[in-house]
Protein chains: 2
Amino acid sequence: MNVEVRATHRLFGGTLTYAQHQSAATCTPMRFSVFTPPGEGPFAYLIWLSGLTCTEDNFTGKAGAYGSAAQHGLAIVAPDTSPRGDGVADDPAYDLGQGAGFYVDATQAPWAPHFKMESYVTRDLIETVESAFPLKARRGISGHSMGGHGALTLAMRHPDKFTSVSAFAPISSPTRAPWGEKAFTAYLGSDRESWKPHDAALLIEAGNAKPFDDILIDQGLGDQFLESQLKPELLEGAAAKAGQKITVRRHEGYDHSYFFMTTYIADHVAYHAARLA
Amino acid sequence: MNVEVRATHRLFGGTLTYAQHQSAATCTPMRFSVFTPPGEGPFAYLIWLSGLTCTEDNFTGKAGAYGSAAQHGLAIVAPDTSPRGDGVADDPAYDLGQGAGFYVDATQAPWAPHFKMESYVTRDLIETVESAFPLKARRGISGHSMGGHGALTLAMRHPDKFTSVSAFAPISSPTRAPWGEKAFTAYLGSDRESWKPHDAALLIEAGNAKPFDDILIDQGLGDQFLESQLKPELLEGAAAKAGQKITVRRHEGYDHSYFFMTTYIADHVAYHAARLA
């Protein structure tokens with residue numbers, strides 16, 4: 001795999017690498033970061049999917065995850081949230097187009113040529129990081145908001161690829177949330193049937209979470225998007241119907257920001273490390 | 001004191017407040033952040049001074065200090081690095097003017113009307129945060145690079161105001177570093193005698209660090225500014241002459257970024273908490 005290293009930083013005895021590679025799925029260069037803990041590896045790793053407007057550079061600086069990752073010997077890979085560039089379709093809104101790939105493979109114009117984030121994450125990214133860094137094929141997946149939706153749906157759609165899954169403030173059921181309805185209409189078309197395989201609550205209800213012993217979800221109760229977009233109760237209802245264990249922790253006063261995530265990220269690192277050991 | 005709260009976030013059981021107030025020293029609105037740990041207080045606190053180009057919003061998101069501050073019951077106050085605004089002098093360079101106040105009171109045109117960062121931090125900021133937040137007059141001070149210079153010099157110039165002092169990658173002797181020579185020429189004038197009272201190494205050599213039992217300094221050996229601008233050996237030489245204890249820790253491979261600071265910030269929080277208890 002052809003990986004161009006853009007920058008490296010030492011932290012907590014490990015190394016954070018910002019890199020770029022050409023993706024066959026998106027037909028664009030894609031940027032990502034890889035934290036490797038102290039030691040030689042190969043390391044199990046967590047893929048982190050960021051939320052709307054983020055790049056590969058938000059989680060790295062703001063989440064405060066690497067101290068606990070170093071302690072647990074866990075690597076963390078964080079990709080960008082969409083293809084980017086002058087030849088890539090975009091929309092002026094923050095919740096569509098570049099920075100808002102929603103971790104699906106678009107089928108509709110003008111998005112289909114490049115917006116293939118499901119294939120990118122589950123194939124190109126994994127192949128590249130496992131060939132270019134000391135990582136082993138032992139993976140967890142987590143993310144925030146749009147990235148929480150991505151983590152839940154990619155885990156359930158590709159259970160052979162992921163051993164553990166968690167999320168912060170995920171869009172629990174994008175078919176029943178304005179962000180999801182807008183993005184899925186654009187990327188997947190107006191036929192709502194095509195949306196259902198990308199809806200975490202519906203996937204849980206259909207039994208697709210069975211490969212996972214638990215799903216850890218943290219949600220702030222001061223989150224401005226809680227009732228309109230996130231709706232964790234839909235995950236709980238689906239899990240109850242399917243007999244699936246999920247753990248939704250609600251936190252009084254916490255909002256949708258990285259300040260919420262940094263408070264609980266060590267719990268997620270430990271959760272994944274225990275399952276990937 | 002008239003404090004305008006701009007935003008609050010809950011994290012680690014405490015609260016981060018972004019605020020703004022009118023400073024008599026700078027004759028401008030000044031922005032700052034205050035983290036208060038869980039509980040009622042009043043809390044001892046650490047003033048954090050940021051480096052070149054930073055605002056009141058870099059430390060908050062990137063340093064990863066608040067988890068350990070919450071554990072220790074320590075508050076943290078982080079001001080902006082200069083006055084700002086349309087009526088405030090500026091320079092196109094990153095290392096002069098807005099974002100580069102150097103924590104001195106300027107005496108020279110065009111800077112003198114607003115660039116009074118020493119008076120701002122040691123008088124206006126302290127008075128405001130202690131009246132508007134549950135803080136007590138028990139203070140440590142730390143900072144990074146230009147802010148490390150600020151922490152060291154403000155502590156030694158105002159030992160009645162600060163009980164503990166530390167720094168990350170400080171400009172150890174601005175009279176012998178290009179950043180400092182440029183800024184001091186602009187703010188203090190071309191008479192180098194006027195610079196000496198704002199040079200940490202010279203202050204230590206003159207015995208001004210005596211009120212402090214120790215000074216903790218962390219420095220990355222992969223820091224691109226180490227030899228040209230930072231020169232921690234000048235602090236060590238001065239301390240040896242003065243019989244002053246300082247602790248300079250050098251870290252192989254670490255650079256000048258927040259990734260270096262986040263690795264060791266918990267040590268600084270513990271260092272100050274122990275002395276402010």
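Quantities reported herein were computed from a predicted structural model and do not represent experimental measurements. Quick note: numbers below take in every heavy atom, side chains included, and nothing from hydrogens, waters or symmetry partners.
- In this structure, A:His256 has its ring center under 6.0 Å from that of A:His144.
- With a threshold of 4.5 angstrom between heavy atoms, B:Thr15 does not approach chain A through any atom at all.
- A salt bridge links A:Glu130 and A:Arg139; the closest N-O separation between the charged side-chain nitrogens and carboxylate oxygens is under 4.0 Å.
- Ring-centre distance between A:Phe102 and A:Trp179: not below the 6.0 Å cut-off.
- The choice from A:Phe12, A:Tyr258, A:Tyr264 that makes the most heavy-atom pairs within less than 4.5 Å of chain B is A:Phe12.
- Panel note: side chain B:Ser172, backbone B:Leu230; a donor-acceptor pair is recorded below 3.5 Å.
- Using a 4.5 Å cut-off between non-hydrogen atoms, the part of residues 55-67 of chain B that approaches chain A consists of B:Thr60, B:Gly61, B:Lys62.
- Taking the six-membered ring for Trp, B:His268 and B:Phe168 have ring centres closer than 6.0 Å.
- We find that B:Arg249 and B:Glu236 are not joined by a salt bridge, their nearest charged nitrogen and carboxylate oxygen being 4.0 Å or further apart.
- Under the 4.0 Å criterion applied to side-chain N and carboxylate O atoms, A:Asp255 and B:Arg10 are not assigned as salt-bridge partners.
- Using a 4.5 Å cut-off between heavy atoms, B:Thr262 touches chain A through backbone and side chain atoms alike.
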